[in-house]
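Note sheet for the following structure.
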Amino acid sequence: MSRREVDLFVIGAGSGGVRAARIAAQHGARVMMAEEYRVGGTCVIRGCVPKKLFVYAGRFAHDLEDMAGFGWRVGEAEFDWLTLVANKDKEISRLEAIYRRNAENAGVEVVASRAVVAGPNTVRILSTGEEVDARYILLATGARPALGPAIPGCELAITSNEAFNLTHFPDRILVQGAGYIAVEFAGLFRALGSDVTLVYRADKVLRGFDGEIRDHLEAEMTRAGIHLTPGRTITAIEVINGGKRVTLSDGAVVEVDDVMLALGRIPNTAHLGLDTVGVKLDEVGAVVVDEIGCTNVPSIYAVGDVTNRINLTPVAIREGHAFADTVFGNRPWTVDHSLVATAVFSEPEIGTVGLSEEVARALGRPIDIYSTSFRPLKATLSGRETRTFMKLVVDKESDVVLGCHIMGDAASEMIQLAGVALGLKAKKADFDRTIAVHPTSAEELVTLRTPTRSV
């Protein structure tokens, strides 16, 4: 029997892989796509989407508390974890079906199997042993949770993969990490009623974010009752009294129901056969690519988290689209990674785009900082002790806004539009002449008139 031939074989059916497969097929390419788990990838199945649903659940707890200040009286509320998990599963299954249907409707053949590279133009489907010849191969295998150094009892910990499907709600949980995933889960578990301890090796959370944002988030997390434990790591975990005893690097002991490791993510390149064809990887195992996603093997490309550039779903989608248009659509273009807005769904949430104050200072040119911290209008009646923080980083000579950083309700919504403004190289004067929408938090972005400081 002759071997099948395709124009494109995509390994991995996450957001980036699915977009690349669909667009390539729409350009007339014969496309196969293999996925060993579920179509949709990390974001849809065990990442952004279920995480945001859980964050919503926690915010309802805040809303119930805040209602009293607005005249509402409600009976005793009761939260059911298993109902949340079950309803989340229904929604994820619905989204997975949409992803699969969209790919298949575009003409993509979806294969439920792990696949590996068997040659520069060959992919092996492991469930059947079949080898498929492909003019191009696209690696879109994403990343997996990092487990950190091996310690006694590390097998007792969970990661974000398992956190979405716990069969019990943890009354006490210890989270280790200081990035997106760690602060988001710490916040949502606390909002749902857990006693939360956050352990991290650094002195502050969210390395790489603007320093003032980091400070304000830590203040809000402390105000919410999260036990922040900087400068330490977990050295051992053991089972005790139906829970877990955690020993930290300073000798302190914490007893909890669950331990969650949120130590970043590792590119999924192991056992993919990349060594057999000489695909170059970097020091953390990420696929090295050029600006159009091509590896050092001309027939093999990669997009998304497996390349460890900017590990965000919308970036993977853009990279997948650019690859398909460039290779199969005769419409070459590349993704601009220089200005990408992002959100952290912490409590409160964060939105940021452009340069932090620290990075802007390092450029060696004079900058103006405009910032404000205030109690949002809703909190004046609810009585909730929380503050919104906003900051603009402005090039003093050109007046161009270099960075925008927001922490507070709807920060993720605001930063999307701020990203448009910064992408157009808006100046502070453009913000100033924009009439405010009142009463909103967002109006503060266009009413900041006096620099907080100049550096």
Side-chain angles (χ1 to χ4, degrees), residues 178-180 183 202-223 230 310 336-344 346 348-377 379 385-455:
Y180 282 77
V183 299
D203 60 337
K204 293 182 183 179
V205 297
L206 293 181
R207 179 172 60 89
F209 281 71
D210 185 88
E212 286 188 288
I213 282 285
R214 300 168 76 188
D215 290 338
H216 277 76
L217 179 60
E218 287 196 343
E220 290 286 339
M221 295 176 81
T222 299
R223 186 178 290 119
I310 298 179
D336 181 2
H337 294 90
S338 64
L339 189 69
V340 178
T342 187
V344 183
S346 49
E349 69 184 38
I350 293 167
T352 182
V353 63
L355 303 185
S356 67
E357 178 179 343
E358 291 76 15
V359 171
R361 284 187 176 193
L363 295 176
R365 60 194 190 210
I367 58 173
D368 285 332
I369 301 298
Y370 296 81
S371 62
T372 181
S373 176
F374 56 93
R375 196 176 188 190
L377 181 62
E385 291 296 329
T386 187
R387 299 190 69 79
T388 293
F389 174 76
M390 295 184 174
K391 179 175 184 177
L392 295 176
V393 180
V394 180
D395 185 291
K396 193 167 187 174
E397 295 178 352
S398 68
D399 199 41
V400 171
V401 180
L402 303 175
C404 178
H405 311 279
I406 306 171
M407 188 184 74
D409 287 347
S412 60
E413 306 292 344
M414 287 185 265
I415 209 64
Q416 180 68 85
L417 299 182
V420 175
L422 267 66
L424 293 172
K425 298 189 182 304
K427 296 184 177 182
K428 181 63 171 62
D430 296 318
F431 280 65
D432 292 343
R433 68 166 168 264
T434 302
I435 296 176
V437 178
H438 182 75
T440 66
S441 293
E443 68 181 290
E444 296 290 332
L445 291 174
V446 298
T447 57
L448 292 168
R449 291 290 185 266
T450 305
T452 308
R453 59 187 173 277
S454 298
V455 294

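- Residue pairs that meet the ring-ring contact (aromatic ring centres under 6.0 Å, His included) test with at least one member in residues 388-408, sequence neighbours left out, are H216-F389.
- Of all heavy-atom pairs spanning I415 and T342, the tightest one is CG2-O, 4.0 Å.
- In this structure, CD on E444 lies 10.0 Å from OG on S373, to the nearest 0.5 angstrom.
- The closest donor-acceptor contact from the side chain of E349 to the backbone of A343 lies at 3.5 Å or more, if one exists at all.
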| Yes or no on side chain to side chain contact (heavy atoms under 4.5 Å, CB included) for I406 and L445, after CA distance, side-chain angles and deciding distance? | CA-CA 9 Å; I406 306 171; L445 291 174; 3.9 Å; yes
| From CA spacing to verdict: salt bridge (Lys or Arg N to Asp or Glu O under 4.0 Å), E218, R214 | CA-CA 6 Å; E218 287 196 343; R214 300 168 76 188; over 6 Å; no
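- A search for side chain to side chain contact (heavy atoms under 4.5 Å, CB included) contacts involving T222 returns L228, not counting sequence neighbours.
- For E443, the CD atom sits in a packed shell: over 12 heavy atoms of surrounding residues, nucleotides or ligands are nearer than 6.0 Å.
- Taking every heavy atom of both residues into account, A360 and V393 meet most closely at CB-CG1, 3.7 Å.
- Considering all non-hydrogen atoms of both residues, T388 and G408 come closest at OG1-CA, 4.0 Å.
- Each of D368, I367, L339 was checked for a side-chain contact (heavy atoms from CB on, under 4.5 Å) with L402, and the lone residue meeting it is I367.
- Formation of a donor-acceptor pair under 3.5 Å by the R449 side chain with backbone atoms of V446 is found in this model.
- The main-chain N or O of I213 is never found under 3.5 Å from a side-chain atom of K391 such that the two would form a donor-acceptor pair.
- Heavy atoms only, all atoms of each residue included: T386 and P348 are closest at OG1-CG, 3.9 Å.
- In this structure, L206 CG and T352 OG1 are separated by 10.0 Å, a value rounded to the nearest 0.5 Å.
- In this structure the side chain of K427 never reaches within 4.5 angstrom of the side chain of S398, judged on heavy atoms.
- Sparse packing is recorded around CZ of R207, with 12 or fewer heavy atoms of other residues, nucleotides or ligands lying under 6.0 Å away.
- At least one side-chain heavy atom of F209 sits under 4.5 Å from a side-chain heavy atom of V344.
- Separation of atoms CG (L422) and CG (L392) is listed at 8.0 Å; rounding is to 0.5 Å.
- Here the closest non-hydrogen pair linking L355 and V359 is CD2-CG1, 3.9 Å.
- Residues S441 and M390 are in side-chain contact: their nearest non-hydrogen atoms beyond the backbone lie under 4.5 Å apart.
- In terms of heavy atoms, V183 sits closest to A178 at CG1-O, 4.1 Å.
- At a threshold of 4.0 Å, the pair R453-E212 counts as salt-bridged, since one of the basic side-chain nitrogens sits closer than that to a carboxylate oxygen.
- The main-chain N or O of R387 is found under 3.5 Å from a side-chain atom of E220 such that the two form a donor-acceptor pair.
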